[in-house]
Amino acid sequence: MLQLHTIREHKDTIIQALKKRNFDAEPILSAVLDLDEKRRAIQTELDATLAESNKLSKEIGILFKSGKAQEANALKEQTAGLKESSKNLGEELNATATALQEQLYQIPNIPNESVPAGNSDEDNEEIYREGDIPKLVENALPHWELAKKFDIIDFESGVKITGAGFPVYKGKGARLQRALISYFLDKNTAAGYTEIQVPHMVNEASGYGTGQLPDKEGQMYHVQADDLYLIPTAEVPITNLHREDLLTSKDFPIKYTGYTPCFRREAGSYGAHVRGLNRLHQFDKVEVVRIEHPDDSYKALDEMVEHVKGILNELQLPYRILRLCGGDLGFTSALTFDFEVFSTAQDRWLEISSVSNFETFQANRLKLRFKDENGKRQLAHTLNGSSLALPRVLAGILENYQTEDGINIPEVLVPYCGFDRID
RNA sequence: GGAGGAAUGGCAGAGUGGUCGAAUGCGGCAGUCUUGAAAACUGUUGAGGGUCACACCUCCGGGGGUUCGAAUCCCUCUUCCUCCGCCA
């Protein structure tokens, strides 16, 4: 959520910047400024009314104490009108503030200067590429065939016990999954991230804090009986650890990593491109989250990108890094780098990590502030990234490491797996 | 699930209808003293809105109510504690 004072002072700049997202901000910003002005006018009037009745109440108290009941009762009558109008003004104020809030929730984050213009994922800018695309064996298989052939993932059973998009991992498949989680967590911990385990369901306030609500309501599973949401990513509970916090500069950097399953309804996205592990309703992910001083957040973002690169280099998977264009950039993000692994047998790139700086967008919703060097309160910057999302990494390993009669395990994972080959 | 009790500033903890945004202690910050530090002493120290700056307004777990006036009374929700029951 953008800050009101930013909108007041830089309306035109914001309109310009949001054009990169193909978002025409003029009408909504005008509405916001009108509502803001209205809200403040009402507030001023209400304040004056309340000040008047506070004054009278004090006088009444003093009169009663000094035994002048008659004068006190006379004053009481004067308060009736004030009470009535402060009640009305209060209601008006609430309605205006709510309307203002609703508008503010509709405005996406301002893209960083470096974000390229563009409409869709086709306009994303490739900024880095690493690793050779392996020449596969004659009749190379896509990962869902490999999974079946070696009996390591059972999609049918998942359908039976839950539904499509909920795979069952078996034997070496399950073990490889656990190995990846441990490996990622170890890498992240070694890089200074504190490992953390969080609830897999969150309340409504947390959903608003990181921006899943109200914009993406339909993408989360909602447990109606208790009004809780299954997390779509560990970003939500982890970042919300610091909701409503007032930190100091000394608290930075705050670096967390956590493994959680992620639940996404992915309504309406079915078809050939979501086969196998490509898109799931439940998947595992290891996430990194940082909370930073505004001056340091882009340095932190670079560090995160380098960190993920290091992991993919170790896994020896061919990948590329994209700088997302305005049209593909997430609602809450100012700058996002996507990592994609090449899925050889499918002949396509699969997104396996998304590393973003949200600047103050989430912090404003979260009321995540710190006292700066001068004792002034400022919003912190929040960042997060996947490190990494499991299913597509798994797909990449299965496809890229397949041989005539089996699948090799990347060297770094062998100690975690306890085997070096699936066959 | 049943029965009770509680929720106050960074923390601890007073306050049960009026001048209380809130005593006191600890902590934090600044100063005195000291070569420096500690101790001691002095001062200062919650958040949000609003203003050029004041004024002023709001906030004592959340929401609603009673009253001229609510941290204080009533209703409700949430959370925590104690006891009972159940249970991985």
Side-chain angles (χ1 to χ4, degrees), chain A residues 1-9 32-104 197-209 213 222-229 237 240-252 254 291 360 362-380:
Chain A
M1 191 166 68
L2 302 184
Q3 296 178 82
L4 255 179
H5 73 84
T6 316
I7 297 176
R8 272 187 222 145
E9 286 158 29
V32 162
L33 290 177
D34 285 349
L35 283 166
D36 176 43
E37 205 169 309
K38 189 175 164 199
R39 201 210 89 232
R40 281 187 291 164
I42 297 169
Q43 179 78 256
T44 306
E45 204 182 335
L46 176 61
D47 285 358
T49 311
L50 288 173
E52 182 64 22
S53 68
N54 285 345
K55 210 176 101 194
L56 284 176
S57 290
K58 273 186 187 169
E59 283 172 26
I60 291 168
I62 291 164
L63 287 172
F64 270 124
K65 272 206 171 165
S66 50
K68 299 174 184 164
Q70 213 172 354
E71 288 176 49
N73 283 321
L75 272 188
K76 268 195 197 182
E77 284 167 29
Q78 288 184 33
T79 61
L82 289 171
K83 228 184 155 181
E84 178 69 19
S85 50
S86 60
K87 193 182 166 222
N88 291 339
L89 285 166
E91 280 166 11
E92 221 181 313
L93 182 70
N94 274 342
T96 312
T98 305
L100 176 59
Q101 189 68 21
E102 277 167 10
Q103 294 294 311
L104 285 172
Q197 282 196 25
V198 286
H200 298 167
M201 289 198 254
V202 292
N203 57 30
E204 197 179 49
S206 295
Y208 274 94
L213 294 175
H222 184 211
V223 180
Q224 242 165 353
D226 300 286
D227 200 16
L228 295 172
Y229 294 87
N240 270 281
L241 286 170
H242 292 283
R243 171 150 48 89
E244 281 158 47
D245 270 7
L246 182 53
L247 305 166
T248 70
S249 309
K250 291 177 211 150
D251 293 321
F252 300 124
I254 295 175
I291 297 166
T360 59
Q362 290 183 329
N364 192 27
R365 291 189 173 197
L366 293 159
K367 297 193 174 63
L368 203 186
R369 299 148 304 156
F370 71 100
K371 272 195 176 157
D372 67 17
E373 301 70 17
N374 305 315
K376 273 192 73 179
R377 278 172 293 278
Q378 287 192 48
L379 292 172

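Residue numbering restarts at 1 for every chain, and letters A, B, ... go by the order of the sequence lines. What you see is a predicted model; the values in this text were computed from it and never measured.
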[N] versus [M] - spacing of their [atom1] atoms, nearest Å:
N: B/G21; M: B/C80; atom1: P; answer: 32 Å
N: B/G18; M: B/U79; atom1: C1'; answer: 32 Å
N: B/U67; M: B/C75; atom1: C1'; answer: 16 Å
N: B/C86; M: B/A3; atom1: C1'; answer: 16 Å
N: B/G2; M: B/G85; atom1: P; answer: 16 Å
N: B/A14; M: B/U24; atom1: P; answer: 15 Å
N: B/U58; M: B/G50; atom1: C1'; answer: 11 Å
N: B/G13; M: B/G63; atom1: P; answer: 25 Å

Taking pairing as Watson-Crick or G-U wobble with both contacts under 3.5 Å, can you name the mate of [N], or confirm there isn't one?
N: B/G27; result: B/U45
N: B/A7; result: B/U78
N: B/G1; result: B/C84
N: B/G21; result: none
N: B/C54; result: none
N: B/A70; result: none
N: B/U32; result: B/A40

Measuring from [X]:[atom1] to [Y]:[atom2], what's the distance to the nearest 0.5 Å?
X: A/Arg369; Y: A/Gln378; atom1: CZ; atom2: CD; result: 12.0 Å
X: A/Leu213; Y: A/His222; atom1: CG; atom2: NE2; result: 8.5 Å
X: A/Met1; Y: A/Leu104; atom1: CE; atom2: CG; result: 6.0 Å

Once you round it to whole Å, what is the distance between [atom2] of [N] and [atom1] of [X]?
X: A/Asp227; N: B/G62; atom1: CG; atom2: C1'; value: 15 Å
X: A/Gln78; N: B/G69; atom1: CD; atom2: P; value: 14 Å
X: A/Ile42; N: B/G50; atom1: CD1; atom2: C1'; value: 15 Å
X: A/Leu93; N: B/G50; atom1: CG; atom2: P; value: 11 Å
X: A/Lys58; N: B/C56; atom1: NZ; atom2: C1'; value: 11 Å
X: A/Lys87; N: B/G69; atom1: NZ; atom2: P; value: 13 Å
X: A/Asp36; N: B/G49; atom1: CG; atom2: P; value: 12 Å
X: A/Leu82; N: B/U67; atom1: CG; atom2: C1'; value: 15 Å

task = Would you kindly compare A/Ser53 and A/Arg377 by the position of their nearest RNA chain B nucleotide and give the one closer to the 5′ end?
result =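 First, find each residue's nearest nucleotide; the 5'-ward one identifies A/Arg377.
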query = Given that A/Ser57 and A/Lys76 both sit by RNA chain B, which one's nearest nucleotide is further toward the 5' end?
reply =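 Looking at the nearest nucleotide for each, A/Ser57 comes out on the 5' side.
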inquiry  = Using 30° and 60° as the class boundaries, would you call the ring planes of A/Phe370 and A/Phe252 parallel, tilted or perpendicular?
reply    = perpendicular
inquiry  = Taking atom CD as the centre, does A/Gln3 end up with more than 12 heavy-atom neighbours from other residues, nucleotides or ligands that are less than 6.0 angstrom away?
reply    =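 Yes, the 6.0 Å shell around CD holds more than 12 heavy atoms from other groups.
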Residue [X], side-chain heavy atoms: nucleotide from [options] that is nearest:
X: A/Lys371; options: B/A47, B/G69, B/U19; result: B/A47
X: A/Arg40; options: B/A47, B/C68, B/G50; result: B/G50
X: A/Arg369; options: B/A47, B/G50, B/U67; result: B/A47
X: A/Ile62; options: B/G49, B/U67, B/U19; result: B/U19

query = Which heavy atom of A/Gly209 sits nearest a heavy atom of A/Leu366, and at what distance?
reply =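 The answer is O-CG, 3.3 Å.
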query = Looking only at atom types and distance, does a side-chain atom of A/Asn203 sit under 3.5 Å from a main-chain N or O of A/Ser206, one as donor and one as acceptor?
reply = yes
Polar atom pairs (N or O), protein with nucleotides 57-59 of chain B, under 3.5 Å:
{"from": "B/C57", "atom 1": "OP1", "to": "A/Asn54", "atom 2": "ND2", "distance (Å)": "3.1"}
{"from": "B/C57", "atom 1": "O2'", "to": "A/Asp47", "atom 2": "OD1", "distance (Å)": "2.9"}

query = Just to confirm, is there a sub-4.0 Å distance from OP1 or OP2 of B/G48 to any side-chain nitrogen or oxygen of A/Lys367?
reply =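 A/Lys367 to B/G48 OP1/OP2: no side-chain N or O under 4.0 Å.
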query = With a 4.0 Å cut-off on heavy atoms, is A/Thr79 in touch with a base, just the backbone sugar-phosphate, or nothing at all?
reply = sugar-phosphate
request  = Find out whether A/Leu89 and A/Leu50 are in side-chain contact, i.e. whether some heavy atom of one side chain is under 4.5 Å from a heavy atom of the other.
outcome  = no
Taking distance alone, no hydrogens or angles, what donor-acceptor pairs closer than 3.5 Å link side-chain atoms of residues 96-103 of chain A to residues at least two apart or in another chain?
{"from": "A/Thr96", "atom 1": "OG1", "to": "A/Glu92", "atom 2": "O", "distance (Å)": "2.7"}
{"from": "A/Thr98", "atom 1": "OG1", "to": "A/Asn94", "atom 2": "O", "distance (Å)": "2.8"}
{"from": "A/Gln101", "atom 1": "NE2", "to": "A/Tyr105", "atom 2": "OH", "distance (Å)": "3.3"}

inquiry  = With no hydrogens and no angle check, just 3.5 Å: does a side-chain donor-acceptor pair link A/Ser57 and A/Asn54?
reply    = no
